[in-house]
Each structure stands twice: as structure tokens, then as C-alpha cells.
> 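The structure's right below; bear with me while I get my questions together.
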Amino acid sequence: MRHCIYPGTFDPITYGHLDVLGRAAKLFDRVTVAVADNPGKAPLFTAAERLEMLRPNLAKFANVTVTTFDGLLVEFCASQKADAIIRGLRALSDFEFEFNMALMNRHLQPKVETIFVMPNEQFSYTSSSLVKQVARYGGDVAHFVPPNVAAALKKAYGPAQNADDRG
Ligand code: COA
């Protein structure tokens, strides 16, 4: 039974993340999406909100579950008896950060391998920050996020002219 963890802040989940998840679900018997509390990133949505936004989008994957975590990722992986961490590489610009993170995680926990997959190129420029920026000023984010996430963004930011009130 091969089990991988797909960690991220997911503030919010995008179709790019779901593309990576689909690839992970085919490669592994079991995938746990791990929503990092990550206060350092000052997320727009709480970890519980991010988890709830993910949940309906996981229904099509029979072998995927979702949970939140805090603390070190490798310790979470050990607690879950996971074999691997999966991450998406959208473009060359992701490489240095991901490379350093993978090596640090390997230093901390040599048994857990990091595996990279490339999401479909149509998502190469998608990021949660950009999606939030577009939503904040009233732009259409339907191409980038599932409908429940688009609705949550709309609710969080309200009408475009009040966007500066949150995040
Ligand atoms: N499609 C779309 N966007 C993607 C993407 C994809 N396939 N893959 C990554 N991204 C974007 C995200 O939208 C996000 O954009 P943003 O920075 O504009 O918000 C960015 O890339 C990275 O987000 P994400 O994939 O959610 O990961 P992260 O870098 O926020 O998460 C953790 C990093 C949680 C894995 C890392 O901080 C961690 O492990 N934390 C726990 C503490 C720890 O162990 N630290 C030591 C690590 S060495």
C-alpha cells in the first residue's frame, strides 16, 4: 500500500492543485491532502475553511482524503506512515524553492521521498495569490478555481470596491 502526502497551504485550492492531485491519485494507492496551518503566509481562509473548500472537490477520487496539519511536514508524514511527499512543479521558477525544501525534508527524514509532477501547462501561471488578486478586484476566476471556491472568494472580498477590507 503506497501512501503519499500532498501538502500545501491551498489558500485557496485551484484547478492546478487538483491536476496534481489527480496525477498523485493514479500513482499511489492512497493520497492524503495535508492543509498546512501556515500562519507565516497569513492566509485569507482559516485552515478549517480551506479544508471544507477542498472536500467537495475530492469526491471523484476514491483514494484521497484530506486533513490539516501543523508543525514539521516530515513529522506529519511519519505519523501517517507515508512513503512520499508529492509536489507540483509548474515552471522553472518553482524549482529552487522546491529543490531546497525537498533536500531539507530528506535531511530531516531520509525515509520520505519527494516526488514532483508537472501539472497541465494550462495551469503553469496559476497561483493562489494571483487568483486572490483577480477575485479581490472583481475579476472572473472561474477558469482557475472550482465553483465553491469562486463563491467563497466572492463572499470573502465582497463587492470589488470593498476589497481592501480583507486580506
Ligand atoms: N497549481 C496552481 N498553483 C500551484 C500549484 C499548482 N499545481 N502548485 C503550487 N501552486 C502555487 C500555490 O497556489 C501557491 O501560490 P501562492 O504562493 O501564490 O499562494 C504556491 O504555489 C505554493 O503553494 P502550495 O503548493 O500550497 O504550497 P506552499 O508552498 O504554500 O506549502 C508547505 C508549503 C506547506 C508544503 C511547507 O511550507 C511545509 O512543509 N510547511 C510545514 C513546515 C515544515 O515542515 N517546514 C519545513 C519545510 S523544508
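Numbering of ligands and ligand atoms starts at 1, following listing order. Bear in mind the structure is a predicted one, so any value in this text is a computation, not a measurement.
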> Work out whether the distance between some heavy atom of Phe97 and some atom of ligand 1 is less than 4.0 Å.
yes
> Does the N or O separation between Ser129 and ligand 1 drop below 3.5 Å for any pair?
yes
> Of the protein's non-hydrogen atoms, which lies at the shortest distance from atom 37 (O) of ligand 1, and what is that distance?
Asn38 ND2, 3.8 Å
> With heavy-atom distances below 4.0 Å as the criterion, list the atoms of ligand 1 near Leu72.
43 (C), 44 (O)
> Evaluate the ring planes of Tyr15 and Phe123, with Trp represented by its six-membered ring, and classify them as parallel (under 30°), tilted (30 to 60°) or perpendicular (over 60°).
tilted
> Below 4.0 angstrom from a heavy atom of Gly71, which ligand 1 atoms are there? Numbered from 1 as shown, please.
41 (C), 42 (C)
> OG1 of Thr32 to CD of Gln80: how many Å apart, nearest 0.5 Å?
5.5 Å
> Using heavy atoms and a 4.0 Å limit, tell me yes or no: is Phe10 in contact with ligand 1?
yes
> Touching ligand 1 at all, Asn105? Heavy atoms, strictly under 4.0 Å?
yes
> What is the closest protein heavy atom to atom 28 (P) of ligand 1, and at what distance does it sit?
Thr9 OG1, 3.7 Å
> Under 4.0 Å from a heavy atom of Gly16: give me the atoms of ligand 1 that qualify, with their elements.
1 (N), 2 (C), 6 (C), 7 (N)
> Between CZ of Phe76 and OG1 of Thr67, what distance do you get to the nearest 0.5 Å?
5.5 Å
> Taking only heavy atoms of Pro119 into account, list the atoms of ligand 1 that are under 4.0 Å away from them.
7 (N)
> Which ligand 1 atoms, with their elements, are less than 4.0 angstrom from a heavy-atom of Ala36?
34 (C)
> Answer with yes or no whether Arg87 contacts ligand 1, where contact means a heavy atom under 4.0 Å from a ligand atom.
yes
> List every atom of ligand 1 that sits less than 4.0 Å from any heavy atom of Met104, numbering the atoms from 1 in the order shown and giving each element.
48 (S)
> Provide the number and element of each atom of ligand 1 under 4.0 Å from a heavy atom of Thr14.
1 (N), 2 (C), 3 (N)
> Check this for me - ligand 1, Ser128, N or O atoms closer than 3.5 angstrom, yes or no?
yes
> Based purely on interatomic distance, does Phe69 place a nitrogen or oxygen under 3.5 Å from a nitrogen or oxygen of ligand 1?
no
> Is the closest heavy atom of Lys41 to ligand 1 under 4.0 Å?
yes
> Could you tell me whether Leu73 approaches ligand 1 through its side chain, its backbone, both or neither, with non-hydrogen atoms closer than 4.0 Å?
both
> Could you list the atoms of ligand 1 found under 4.0 angstrom from a heavy atom of Val20?
7 (N)
